[in-house]
Amino acid sequence: MQKEYKDYKGAIHIHSNYSDGSGSLKEIVESANQAGLDYIIITDHHTLRHKREGAEGWHNKTLVLVGQEISPPCNHYLALRIEKPIKPKGMDTQEYIDEVNKQGGLGFIVHPDSPKKRSLPLKERPWSDWEVNNFTGLELWSYMYDWLAPVNLLNFLYYIFRPAKAIKGPSKEALQRWDKLTQKRPVVAIGGVDVHARNIIPLGIFKIFPYQQLFSTIRTHVLTPPFKLDLEYDRSLIYSAIQNGHIYLSYDYLADASGLKFRVNTKNEEAIMGDEIKFSPGGITTLTASSPRPAQLRIICNGQVLEEREGTGIEIPLTKRGVYRLEASLAGKPWIFTNPIYVR
Ligand SMILES: [Zn+2]
Ligand SMILES: [Zn+2]
């Protein structure tokens, strides 16, 4: 039986003026509407104030959800689907991971490789504690931190006006680390914008990386049954899609990736990204991928490139169990990363 999924695109990891972002809810929502986003998840530092004030719900064509970024000096962690804000003071990393799980939430390690920037007024906040367990997943691709990687005081303005020049995709190390983790258990990858839309003081009213601009960059597409325009119902669809890894990330600045498909079929079963499926030794197990436009497609199995092809589709019979995922690039630029299908 083939289940039908809708492909909804959204932005995760957003700061408002309730923490260190500049925008009000109204401004953020208008920007999301303009960018054509189906959903956004606002995640201010230390607070769920927007949720308490009733911000969650449909705002025109965009569903607004609210989570929190747990942000001690390092080891930032995005907490989604939680009801009570979490104060990490006095807790070690594992304790706030556990606290999110206790609330039935979903937790993501964010910007784990934030670069050292001595020349810029930034506090570095890398993830230092990889011994932890029971986190839902990680932010595989952070727009702000990808952009930051080549930036210094001298080229700062160049990259402000040509941000796309800085974007290189998740680093090799980040991909290898994720592939290693998914060998042991499903670890969900999300994309994050980490938008703040800050006003830069020396430049007066000049706002860098406004919301609407970043909402057209890295998006997390969720695959779910259709929305019903009902907050409770649609929220649970989005969160269960995220929990199950029924998502892919794409740099939609290059092209809207909506419509991407990545599946594994056996005689009786079908798996989409994030799913587990049983390998059928005697029968046929087929992997198919199709892209909404011609691209360089790569199938990765257990961290190794299995198949690489230029075009709009791939179909290959699988000969072994493994963790399979799809990457796509457009003219050499990183475009799409799917969550894996776990063929057991
Ligand atoms: Zn952070
Ligand atoms: Zn953040």
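In listed order, ligands and their atoms are each counted from 1. Only a predicted model underlies this, so the values are computations on that prediction, with no experimental measurement involved. The figures here come from the full heavy-atom set of this structure, side chains too, leaving out hydrogens, waters and symmetry mates.
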Ion pair present between [X] and [Y], side-chain N to carboxylate O less than 4.0 angstrom?
X: K9; Y: D256; value: yes
X: K26; Y: E30; value: yes
X: R177; Y: D113; value: yes

Item to check | Cut-off under 2.8 Å, centre the Zn ion (ligand 2), protein N/O/S atoms | outcome: H13 NE2, H15 NE2, E69 OE1, D194 OD1

Item to check | Within 45° cone of F262 ring axis and under 6.0 Å: R298 NZ or CZ | outcome: no

Checklist entry - Rounded to the nearest 0.5 Å, how far apart are OH of Y39 and NE2 of H221? => result 8.5 Å

Checklist entry - What is the distance from atom OH of Y248 to atom CZ of F337, rounded to the nearest 0.5 Å? => result 14.0 Å

